[in-house]
Amino acid sequence: MKKVSQAIPKVDSQALVTGKAVYTDDIAPKDCLIVKILRSPHAHAMIKSIDTSRAMKVPGVVCILTYEDCPDQRFTMAGQTYPEPSPYDRLILDRRVRFVGDAAAIVAAETKEAAEKALRMIKVDYEVLTPLLDFRKAKDNEILVHPEDNWRSLCPVGADNKRNLCASGKEEDGDVDAVLAECDYVVEETYHTKANQQAMMETFRTYTYMDVYGRLNVVSSTQVTFHVRRILSNALGIPKSKIRVVKPRIGGGFGAKQSSVSEVYPALVTLKTGRPAKIIFTREESQTASSPRHEMEIKVRVGADKDGIIRAIDVYTLSNTGAFGEHGPTTVGLSGHKSIPLYGKTDAFRFVYDVVYTNVMSAGAYRGYGATQGIFAVESAVNELALKMHMDPVALREKNMVKEGQVMPAYYGETANSCALDRCMEHAKQLFGWDEKYPSRDMGNGKVRGVGVAMAMQGSGISNVDTASVAMKVNDDGFYSLMIGASDMGTGCDTILAQMAADCMECEMEDIIVSGVDTDSSPYDTGSYASSTTYVTGMAVIKTCEKLKEKIRMKGAEYLGHNVDEVEFDGKKVWCPEDGSEISLKDIGNQVMCRNEEALFASEAHFSPISPPPFMVGMAEVEVDKETGAVTPIDYVAVVDCGTVVNPSLARVQTEGGLVQGIGMALYEDVVYNEKGKNFSNSFMQYKIPTRMDTGDIRVEFESSYEPTGPFGAKSIGEIVINTPSPAIAAAVENAVGVRIRELPITAEKVYREMKKQS
Amino acid sequence: MELRFELNGKPVTAEIEAGELLFDVLRRLGCYSVKCGCETTNCGLCTVWVDGKPMLSCSVPAARMENHAVTTMEGLQEEAARFGAFLAKEGAEQCGFCSPGFIMNVLAMEKELCRDGRIPEKEEIREYLAGNLCRCTGYVGQMRAVEKYLRESRG
């Protein structure tokens, strides 16, 4: 039976559901030094001096490191392919601290208690500076977040540290102003999204030790195992050959672990002391000194003619990268590239952006990666346009949505080779009961139910950049080892890649063992991000299997005394149709272990010149309390085109999980700073992620297209699924009570105040 | 100080600090299934049973366990595997980090609400498990697994 398109349980599921010790902290050596970070209480300050003498006297304290102990070479913690678009703007420890929570010193001690006691006894003399907290005022502000001369931008992304610019740019096609002037209807509005936290259940964590060869070994909860090796080499100033990085099981990432948030600290301690060391971020640290979504303010102008043809879209994005530039230059691009192309009939578009430094926590990568913010803005503007035109927003989209075979000028000029967006819309409409529910229903108890719709797209890997290689070998008795460099972070890529390999090799799942990422032995892979694994690494699996099958046939032919073109391989044996002679894979696997000079091993790499978008439609029904403005999600329908669904249960759970994160972003999750830059959203008490009581019903279906360049016709699924809830829910609220909230999250207070204004 | 309690059916004597939390003691004793996700009693990852009732081990001083019986997933391997198979079939263990705490609470719910072959309503299940956060699944697959498991093992 074929394995692709089957709901096969994850290959690691048995260990996970019985609570086996498989995560970083479970397997760390018991004699690890405990590493803790002293964090700045100021949003912007210079360290005049640090007195560690009393702290060093705390029994059990082994070392305390300050900026004087760190190399003065700047690096980025962004896990990206070299040369990284993110600027080299940080040191492990710097004299200048740039946000409340920035690292000021590193303590390593025999116990957690000793480390924490020492933290309290370090005396730092700060020269407090005025912080730059308003991202709208950051560009060309006289306060500079990165005035230093050794700040470096490796790529032409429009960065300039003397202007607080992490990136800037402009793209256009046609004359957007002229086309908008001709439009009968134009909506011009500004939308604001916050710095949401990925809030994966396992916080950032790493342990390090020196091995028998005197090399730094790093075991870390990361999505970017190979990039971490380079980042540590840059940060510590030691050769990459001296570093090994291993990824165990990961308790969730969602992009957070596409930055090297925790690795440098224990690594430096181990290098200095020679002793094993580990750091486990507290939830508070994970909430306040990590790598959340870029806050963005997005101004959209969208215009349509009287027939409802959307003719022009103009997007300006201001993105807040915070204290450091991780993923700043790249996330912003998606806010235009993955929102504007949803509409296939435009005559012109323009996309302009600035990414600015401020004195708040550095942003990073979060599922959706800028597309989420851009789609909230553009899809909200299109919903407002529909309202202005007295047109059903579904009908407006049906007229304008991108169709299969169309060229997408705002998406690098790529063609939509596979696109079932129209079928997604039709399916969602039927499943949701849109025509019966639009726009709203008064429930007669002071509550109104409204509905809203949104579309979304994403990519499948980074075109012309992401590189995945896979290796596979035949073992004795004929079972396979599949070695991948992509990081399974709970999503199940170890499983779906094995499913693909099983179909290629015509074998059972049990015949393949998968080994996760170890930079010493795994083939290179950029890592698990940018929705790349299924699409890019999947193709590397197919290529590798083809090569390995060829080698098996050659070996089988040799043992049978035939030419290779006289034999076939059916997954179990190599046989000759002409004379019926055969040799089993088991026998081949055993025979090559004696008198053999051709290893049954193959390794192939893959990249893609294009990044085929998955597409989807989301429809939300919410109930709004007319007295209080409280919004309760009732029902959410999503229909997704991710190409061929490789594993239906895993794809479904990806979608459901992404939708609920999106609902959290739309309704609950807020990052709040006070006027001095202190982050109040520092726990799950303050930062509310949805519980199972807060989601409403979630219903997911698939409308598959077939992507000709993908493995078995597959595209990506991981990120797109977070993009529709915010715009769909904002529209549902407006359809319920007539108020439009353009800043997330849509809290009861905001809805109530807007309702008051109107009455 | 010395603490004497029952851990997964066996008497245990452990040397503990006066203010030490049950969570830390359990991990020190090798119960690595017990996870910490928040430190503020919001996430449910550290759920264990004390005298058969679910409790957040991050909010219980270990000293209070004197002469009590503590159960972690290490002591419920068969039960966990049985329900876990349903969870895995839905793909709803995902990263797995919240699975032990979640499963401990599901099994406790089964004991508490499913007496005499009764199957609780969906809303009852949701309320019972509301304290178990999960960031991967959106809860829907977990709920499918719980309902299928209860139907199959009860009906």
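Just so you know, these numbers use all the heavy atoms, side chains as well, and skip hydrogens, waters and symmetry mates. Letters A, B, ... mirror the listed sequences (proteins, then strands); counts begin at 1.
You'll find the side chain of A/Glu656 reaches within 4.5 Å of the side chain of B/Arg144, heavy atoms only. You'll find the side chain of A/Met201 stays beyond 4.5 Å of the side chain of B/Lys35, heavy atoms only. Using a 4.5 Å heavy-atom cutoff, the side chains of B/Arg27 and A/Asp25 are in contact. Within the 4.5 Å cutoff, the side chain of B/Glu17 has no heavy atoms near those of the A/Glu113 side chain. Using a 4.5 Å heavy-atom cutoff, the side chains of B/Arg126 and A/Thr691 are not in contact.
Atom OG1 of B/Thr137 and atom CZ of A/Arg652 lie 13.5 Å apart (nearest 0.5 Å). Taking OG1 from A/Thr695 and CE from B/Met143, the interatomic distance works out to 9.0 Å, rounded to the nearest 0.5 Å.
The minimum heavy-atom distance between B/Gln77 and A/Thr18, with the atom names listed, is NE2-O, 2.9 Å. The minimum heavy-atom distance linking B/Glu74 with A/Gly19 is given by the pair OE2-O, 4.1 Å. Summarising the geometry of B/Gly37 relative to A/Phe684, their closest heavy-atom pair is O-CE1, 3.9 Å, with the distance given to 0.1 Å. Contact record, A/Pro690 with B/Tyr139: O-OH, 2.6 Å, taken as the closest heavy-atom pair. Annotation for A/Thr282 and B/Glu39: closest pair CA-OE2, 3.3 Å, computed over non-hydrogen atoms.
Among B/Cys136, B/Ala80, B/Gly141, the residue with the largest count of heavy-atom pairs under 4.5 Å with chain A is B/Cys136. By number of non-hydrogen pairs under 4.5 angstrom with chain B, the leading residue of A/Arg283, A/Lys30, A/Lys20 is A/Arg283. When each of A/Thr203, A/Asn647, A/Thr495, A/Thr491 is checked for heavy-atom pairs under 4.5 Å with chain B, A/Thr491 comes out on top. The residue among A/Ala651, A/Gly251, A/Gly658 with the most heavy atom pairs within less than 4.5 Å of chain B is A/Gly251. Comparing A/Ala21, A/Gly252, A/Pro9, A/Ala199 by how many heavy-atom pairs each has under 4.5 Å with chain B, the most go to A/Ala199. Per-residue heavy-atom pair counts under 4.5 Å with chain B were compared for A/Asp12, A/Val17, A/Ile689, and the maximum is reached by A/Val17.
The contact between A/Tyr23 and chain B is made entirely by side chain atoms (from C-beta outward), counting heavy-atom distances below 4.5 Å. For a residue to count as touching a neighbouring chain, one of its non-hydrogen atoms must lie under 4.5 Å from one of that chain's; by this rule A/Arg692 touches chain B with backbone and side chain alike. Of the two parts of A/Ile250, only the backbone, made up of N, CA, C and O, holds a non-hydrogen atom closer than 4.5 Å to a non-hydrogen atom of chain B. Within the 4.5 angstrom heavy-atom criterion, no atom of A/Gln287 approaches chain B. B/Cys36 touches chain A through its backbone: at least one of N, CA, C or O sits under 4.5 Å from a heavy atom, while the side chain does not. B/Leu76 does not touch chain A: none of its heavy atoms, backbone or side chain, sits under 4.5 Å away. Both the backbone and the side chain of A/Met685 come within contact range of chain B, with heavy atoms under 4.5 Å apart. For A/Gln198, the part lying near chain B is the backbone, with the side chain staying farther off; criterion is any non-hydrogen pair under 4.5 Å.
At most 12 heavy atoms of other shown residues, nucleotides or ligands fall within 6.0 angstrom of atom CD in B/Glu121. Around atom CD of B/Glu15, more than 12 heavy atoms belonging to other residues, nucleotides or ligands sit under 6.0 Å away. Atom NZ of A/Lys117 has 12 or fewer heavy atoms from other residues, nucleotides or ligands within 6.0 Å.
Shown are A/Ile698, A/Val653, A/Thr655; of these, the side-chain contact (heavy atoms from CB on, under 4.5 Å) with B/Val140 is made only by A/Ile698.
Contacts of residues 85-117 of chain B with chain A at a heavy-atom distance below 4.5 Å involve B/Leu87, B/Ala88, B/Lys89, B/Glu90, B/Gly91, B/Ala92, B/Glu93, B/Gln94, B/Cys95, B/Gly96, B/Phe97, B/Cys98, B/Ser99, B/Pro100, B/Phe102, B/Ile103, listed in sequence order.
Ion pairing between B/Arg135 and A/Glu669 holds under the 4.0 Å rule for side-chain N and carboxylate O.
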